[in-house]
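These notes concern the structure reproduced below.
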Amino acid sequence: MTPEEFRRYGRQVVDRIADYLTGVEQYPVRAQVRPGDVRTRLPASPPERGEPYEHLLADLDTVLMPGITHWQHPSFFAYFPSNASGPSILGDLLSAGLGVQGMVWATSPAATELETLVVDWLAELLGLPERFRTDSAGGGVIQDSASSGALAAVVAALHRASGGKAGTEGLTRRYTMYVSSQTHSSLEKAGRIAGLGADNVRSVAVHPETLEMDPAHLRTLIEQDVAAGATPALVCATIGTTSTTAVDPVRAIGELCREHGIWLHVDAAYAGVSAVCPEMRWINDGVAEYADSYATNPHKWLLTNFDCGVLWVADRRPLVDALSILPEFLRNSATESGEVIDYRDWQVPLGRRFRALKLWSVIRWYGAEGLREHIRTGIALAQRFAALVDADPDFELRPHHPFGLVCFRPLRTDALALMEHVNASGQLYLSHTKIGDDVWLRMAIGAPTTTAEHVDAAWEALRAAQSR
Ligand SMILES: *Cc1c(COP(=O)(O)O)cnc(C)c1O
């Protein structure tokens, strides 16, 4: 493709994206296809001869679009939001256009230095502690996802707990880590990948109502494990669990971690970005004093399209020591001078995209003010929906909803059947969770285009479906 052809098709593609965002409401929110529908409509083998780009765009319209679930639809309320925005899409396009590989400083100094700047900016916007900033002992890094951040934290924690030997000698002792039944599955997965064994990922009890981790039970488990000869390596506290946005008592958990020398990872993948609003900073109580690492995803609720997960550490040494390997082909004088950051040492893969560009675009376009307004709108709409549910005797509201997620259930009909009915209608898209044996529906609000009318319409659709 010549640059002139690129210009022609590129304009068409940008126009299409703008048209898509303008008209996204015309689509059913959840894809209406059946398994195999998309694949069987496309040739099984690749073309021998190159094709005009128009052919691809035509297939996009007729074959792929019906198989798209519209995450940017204002009535997408499933899982957690995955916001995109104009500035973030443009930032990602520029990143693709430059096509740089920012594995070490020397392979594109601007990619590294802009990343350092934006993770420090984001730390400031969220009111995160000074020690997470790159000019202190810590620092932040942009990774693909909070799951990768969790794995990096587990590996750093094992490095520290083993006195630096885990990487070279393997796990010669039994190490344990602590999560709750509400912790995201990525933590158990990280424990398995890191070689702890799923049995050594211990599950701490939660409060039956609030679903917060119980620090007293955490203490019991740690003491039992230590008595049995194990070495506790990491505790994960969650701010805003995936199921119900419960907030673990980070301070009490952190005090225990400090007492036993255990790494405290704070997983705030979804909710952490809400701290752009000063009135939400309470969520990070205890983080400044006790967290060794902290993860949040601008790619969920902060207008930055997937992928963009930020991991901060209070001390970058254990992370970098655990993950740095310097093959000969990457030797360079900048790295040897010790004056630069090589982010490949802060993550599992070597290669890295220039993700800082899109986060930088978003922060500059919206400003702190615009980001706060976005979060506040999501929270206010969630409060509005919660009030509607609460006022209806045919529904039960779960009381804890400080962010954009509301959990509720119908009392006169089966929750999963109700959910399937509204999701199949294409008008809105909800997901569910289980607490004990009970199914609850999750209404996660947070798309920048969602308004009170969309929330009210969703509620009307749910009420109509339940009295069907
Ligand atoms: C979404 C989520 C994750 C996983 O995030 P990815 O970026 O998809 O890996 C982890 N923890 C919590 C609490 C989440 O909500």
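Counting convention: from 1, in listed order, for ligands and their atoms alike. Below, all heavy atoms of this structure are taken into account, side chains as well, without hydrogens, waters or symmetry copies.
At the shortest separation from atom 2 (C) of ligand 1 among protein heavy atoms lies Lys300 NZ, 2.3 Å. Counting protein heavy atoms only, atom 10 (C) of ligand 1 is closest to His184 CG, 3.2 Å.
Cation-pi contact between Arg442 and Phe408: absent, since separation from the ring centre below 6.0 Å together with deviation from the ring axis within 45° is not met. Taking the centre and axis of the six-membered ring of Trp346, the NZ or CZ atom of Arg344 falls outside the cone set by 45° and 6.0 Å.
Annotation for ligand 1: atoms under 4.0 Å from non-hydrogen atoms of Thr242 are 12 (C), 13 (C), 14 (C), 15 (O). Numbered from 1 in the order shown, with element, the atoms of ligand 1 that lie under 4.0 Å from a heavy atom of Asn297 read 5 (O), 6 (P), 7 (O). Atoms of ligand 1 lying under 4.0 Å from any heavy atom of Phe80, numbered from 1 in the order shown and given with element: 15 (O). Ligand-side atoms of ligand 1 in range of Ala269: 2 (C), 3 (C), 10 (C), 11 (N), 12 (C), 14 (C), range being under 4.0 angstrom from any heavy atom. The distance from ligand 1 to the heavy atoms of Asp267 drops below 4.0 Å at these ligand atoms: 10 (C), 11 (N), 12 (C), 13 (C). Every atom of ligand 1 with a heavy atom of His299 under 4.0 Å away is listed here by number and element: 7 (O).
Smallest separation of non-hydrogen atoms from Val250 and Asp285: CB-O, 3.5 Å.
When only interatomic distances are considered, the shortest N/O to N/O separation between Gly240 and ligand 1 does not fall below 3.5 Å. Remark: ligand 1 and Ser147 share an N or O pair separated by less than 3.5 Å (distance only, no angle test).
For Tyr79 and Thr242, the side-chain atoms include no donor-acceptor pair closer than 3.5 Å. If you check the side chains of Tyr178 and Thr176, you find a donor sitting under 3.5 Å from an acceptor.
Applying the ring-ring contact (aromatic ring centres under 6.0 Å, His included) definition to pairs two or more places apart or across chains, none involves residues 184-222.
In this structure, His73 has its ring center no closer than 6.0 Å to that of Tyr429.
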